[in-house]
Amino acid sequence: MTTEPTHYIVGIGSELIYFLMTLIVVTLAVRYIGPLIGRPRTPWRGAMLFGFIIAAIGWLIGA
């Protein structure tokens with residue numbers, strides 16, 4: 001019988017979860033909040049790129 005914690009067996013780290021959550025939230029915010037403040041809707045490619053940059057900065061700060 002093993003005594004190691006089960007959260008290591010799952011294999012997904014909390015950093016990856018935070019990265020993905022930040023990527024999704026920022027991408028959706030850039031895509032859909034813009035028209036509410038009078039700006040044209042950002043294409044998915046630009047929203048994803050910006051979301052990835054913000055998530056990467058957050059990951060680097062947290063790592």
Side-chain angles (χ1 to χ4, degrees):
M1 181 170 184
T2 181
T3 59
E4 68 183 57
T6 57
H7 63 277
Y8 291 123
I9 296 173
V10 174
I12 186 167
S14 61
E15 295 89 2
L16 180 59
I17 293 171
Y18 292 140
F19 179 85
L20 292 176
M21 287 187 339
T22 305
L23 176 66
I24 291 168
V25 168
V26 171
T27 299
L28 291 175
V30 168
R31 175 79 173 151
Y32 291 113
I33 299 297
L36 296 177
I37 60 173
R39 297 186 51 88
R41 180 166 288 172
T42 305
W44 281 110
R45 182 180 57 216
M48 285 290 291
L49 178 63
F50 186 74
F52 182 79
I53 290 170
I54 296 302
I57 290 171
W59 179 76
L60 287 173
I61 290 172

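The shown structure was predicted, so the numbers you read here are calculated from the model rather than taken from an experiment.
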Fill in: Interatomic spacing from CZ in R31 to CH2 in W44 - rounded to 0.5 Å
5.5 Å
Worksheet item: R45 versus L49: any side-chain heavy-atom pair under 4.5 Å?
Response: no
Worksheet item: Taking atom OH of Y32 as the centre, does the number of heavy atoms from other residues, nucleotides or ligands within less than 6.0 Å exceed 12?
Response: yes
Worksheet item: In terms of hydrophobic clustering (I, L, V, M, F, W, Y; side-chain heavy atoms under 4.5 Å; direct or indirect links), are L28 and L36 co-clustered?
Response: no
Worksheet, complete the sentence: So CD1 of I57 and CZ of F52: to nearest 0.5 Å the spacing works out to 10.5 Å
Worksheet item: In terms of hydrophobic clusters joined by side-chain contacts under 4.5 Å, are L16 and W59 together?
Response: yes
Practice prompt. For A55 and L23, work out which heavy atoms get closest and say how close.
Written response: CB-N, 4.0 Å
Discussion item. I need the I54 CD1 to F50 CZ distance, nearest 0.5 Å.
Written reply: 4.0 Å
Worksheet item: Are I24 and I17 linked, directly or through other ILVMFWY residues, by side chains that come within less than 4.5 angstrom of each other?
Response: no
